[in-house]
2 protein chains.
Amino acid sequence: MERYEKPSVTVDIVIFTIKDNDLKILLVKRGIEPFKNMWAIPGGFVRIEESLEEAAKRELEEETSVRADYLEQLYTFGEVNRDPRGRVITVAYFALIKSEKISKLKATADVIEAKWFSAFKLPKLAFDHEKILEYAIKRLRWKFEYTTVVFSLLPEKFSLTELQKIYEIIFDKKFDKRNFRKKILSLNIIEKTKERQKNVSNRPPQLYKFKKKIGEIVEII
Amino acid sequence: MERYEKPSVTVDIVIFTIKDNDLKILLVKRGIEPFKNMWAIPGGFVRIEESLEEAAKRELEEETSVRADYLEQLYTFGEVNRDPRGRVITVAYFALIKSEKISKLKATADVIEAKWFSAFKLPKLAFDHEKILEYAIKRLRWKFEYTTVVFSLLPEKFSLTELQKIYEIIFDKKFDKRNFRKKILSLNIIEKTKERQKNVSNRPPQLYKFKKKIGEIVEII
DNA sequence: CCAAAAGTGTTTGCTCTACACCCATGG
DNA sequence: CCATGGGTGTAGAGCAAACACTTTTGG
C-alpha cells in the first residue's frame with residue numbers, strides 16, 4: 001500500500017510528580033548507544049498491535065510499576081535528524097503520578113538507572129529531549145491554570161493548604177491564602193467532607209473532596 | 001535497530017478559510033479504496049526525508065497551490081484500527097488560508113474532487129476524520145480567543161469591522177461593536193494607518209495594521 | 001436626500017488584589 | 001502556655017457588559 005520507506009515511531013513520556021516540596025520529572029540513564037550514559041525521557045517503540053496511548057501506558061508502567069493518575073498526549077516531534085540511528089518520529093506524552101504510590105523505580109532493558117529530577121534543575125539530555133521537556137512544563141502550567149488536573153495529584157480528601165501548596169510548587173511562587181481559598185471555593189468544584197485531618201500538631205484542617213470530572217476546563221487561578 | 005514491524009505514518013491537514021461569510025473546510029473526494037467516493041480530510045504519507053511539518057506543507061500546496069498563512073500541529077491519532085488497510089498513525093495539522101489567494105483547487109492523484117464545505121454543514125467522512133475535525137474546530141476557537149492568529153487571515157491593512165466579522169463567523173455569534181473595538185484597541189496590538197478604505201458606498205472605514213507577531217498569546221475576547 | 005456602514009461614552013456590576021489577626025490543637 | 005499551621009473579611013481598582021445615536025460617504 002505504500003511506496004516509501006517507513007519511519008520508526010516511538011512514544012516518550014514526561015512523568016511529573018510532586019515530592020519533597022518540589023516538582024519532579026522522571027529521567028532514565030541510557031545503557032546503550034546513541035547517547036549512552038546520558039539522561040533521557042523514558043520511552044520506547046510503539047508496537048504494531050497497540051495504540052499510542054497504550055504504548056505510553058505500557059512504558060510508564062514498566063518504569064514506575066504504577067498507573068498514571070493523569071495522561072495526555074503532548075506533541076509529536078518529527079524532525080528528520082532528531083535521532084542519529086535514522087528516521088524516528090516520537091509522540092510525546094505527559095503524565096502525572098501521585099508520589100505516595102511510587103515505591104521503587106525499575107531500570108528496564110537498555111536503562112542503567114531511573115531517577116527523579118527537580119524540574120528546575122535538569123541535567124543535559126539526549127536527543128531533542130530538552131525541547132520536549134520545555135514544551136511539557138509549559139503545558140503543565142497551562143493545565144493547572146485552566147483545568148482541574150490538580151485533583152489527580154491529591155488524595156480523595158484533602159485540605160485547602162495541600163491544594164495551594166501544589167500550585168505554589170508548580171508556578172514557583174506564593175499565593176495569598178485568603179484570595180486563593182476564596183477563588184477555589186467560588187468555583188464550586190469542591191465540597192466539605194465531615195472530616196478533619198488527624199495527627200497534626202496544630203489546628204486540624206477541614207478536608208474537602210472534589211465534585212467534578214478531572215481535567216475539565218475551569219479557570220482556576 | 002528495531003525488532004517490531006513499523007506502522008505507517010501520514011499527515012492530514014484541516015484547512016480552514018473564511019469565504020462567503022462562512023467558515024469553510026477543504027475536503028477531498030477519495031478516488032481509491034478504502035472509502036472510495038467518500039469525503040475526507042486531505043493528507044498523505046510522510047516521506048522518509050521530510051519532517052512532519054514539511055509533509056503537511058507539501059500536501060497542502062499540492063491541493064491548493066498556495067502556502068498556508070498559518071500552520072500548526074493539532075494532534076496525533078493512533079488507534080490500531082483507524083485505517084482498514086493496516087496500522088496507520090496520522091499526525092493532524094491545522095491550517096489557515098486567506099481565501100482571496102486561492103484560485104482553483106487541484107485534484108491530485110487518488111482524489112476525484114476537492115471542495116470547500118461549511119464547517120457547520122459537513123458531510124459524512126472517511127476514517128476517523130469526523131473526530132479530527134471536531135478537535136480542529138475546538139482548537140480553532142481556542143486559538144482565536146487567546147492568540148493573535150486572526151491576523152493571518154487579514155490583509156496587511158484592514159478595518160475593525162472586517163476583524164469583528166471574522167470573530168462573528170468563527171464563534172457563530174454577534175459581538176457588541178463598541179465593546180469589541182474597545183477591547184481590541186486596549187490590547188495595543190494594532191495601530192492606525194494613514195489610509196481609509198476606498199470604493200465603498202458609505203463612510204469609508206479607518207484602516208489598521210497589526211503590530212506584533214502572529215500567533216502570540218494575548219486574550220482577545 | 002437616502003441608504004449603508006462607521007464611529008463613539010457612560011453606567012453598573014463583578015472580579016481581582018492587597019492586607020493582619022484570632023483560633024484550635026498537640027506536646 | 002507555646003509553637004504551628006488553620007481559618008476568616010473588607011475596601012479600592014480595574015475590567016466586562018449593556019446600551020443608542022450621530023457622522024460620512026456614494027449614488
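Below, chains carry the letters A, B, ... as their sequence lines are ordered, and counting in each starts from 1. Since the structure is predicted, the reported quantities are computational estimates derived from the model, not experimental observations.
- Rounded to whole Å, the distance from NZ on A:Lys192 to C1' on D:dG6 is 12 Å.
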Which pairs, protein N/O on one side and nucleotides 9-12 of chain D N/O on the other, fall under 3.5 Å?
{"unit_1": "D:dT10", "atom_1": "O4", "unit_2": "A:Lys182", "atom_2": "NZ", "d": "2.8"}

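- Taking side-chain N and O atoms only, B:Ser201 has no distance below 4.0 Å to OP1 or OP2 of D:dG27.
- For an aromatic pair to be called close, the ring centres must be under 6.0 Å apart, and A:Phe16 with A:Phe94 satisfies this.
- Between the CD atom of B:Gln164 and the P atom of C:dG7 there is a distance of 12 Å, rounded to whole Å.
- Using a 4.5 Å heavy-atom cutoff, the side chains of B:Val14 and B:Ile132 are in contact.
- Per the geometry, CG belonging to B:Leu185 stands 11 Å off C1' belonging to C:dT8, to the nearest Å.
- Per the geometry, CZ belonging to B:Arg181 stands 13 Å off C1' belonging to D:dT23, to the nearest Å.
- With respect to the salt-bridge test (charged N to carboxylate O, under 4.0 angstrom), the residues A:Glu72 and A:Lys143 qualify.
- Atom C1' of nucleotide D:dG26 and atom CZ of B:Arg203 are separated by 14 Å, given to the nearest angstrom.
- Atom C1' of nucleotide C:dC16 and atom CD of A:Glu145 are separated by 14 Å, given to the nearest angstrom.
- Contact check, B:Arg196 against C:dG7: a side-chain N or O comes under 4.0 Å of OP1 or OP2.
- We find that CG of B:Asn202 is positioned 10 Å from P of C:dG7, with the value rounded to whole Å.
- No engagement by A:Ser159 is indicated, since no non-hydrogen atom pair under 4.0 Å with the nucleic acid exists.
- Side-chain atoms of A:Ile170 and A:Ile18, non-hydrogen and from C-beta on, do get closer than 4.5 Å to each other.
- Within the nucleic acid shown, A:Ser186 has no heavy atom closer than 4.0 Å to any nucleic acid atom.
- No close placement of the A:Phe144 and A:Phe171 rings is indicated, their centers lying 6.0 Å or farther apart.
- The base of C:dA6 lies close enough to the side chain of B:Lys177 for a donor and an acceptor atom to sit less than 3.5 Å apart.
- There is a side-chain donor-acceptor pair under 3.5 Å between B:Lys211 and B:Asn188.
- Atom C1' of nucleotide C:dA5 and atom CD of B:Glu162 are separated by 13 Å, given to the nearest angstrom.
- The aromatic rings of A:Tyr146 and B:Tyr146 are tilted relative to each other, their planes meeting at an angle between 30° and 60°.
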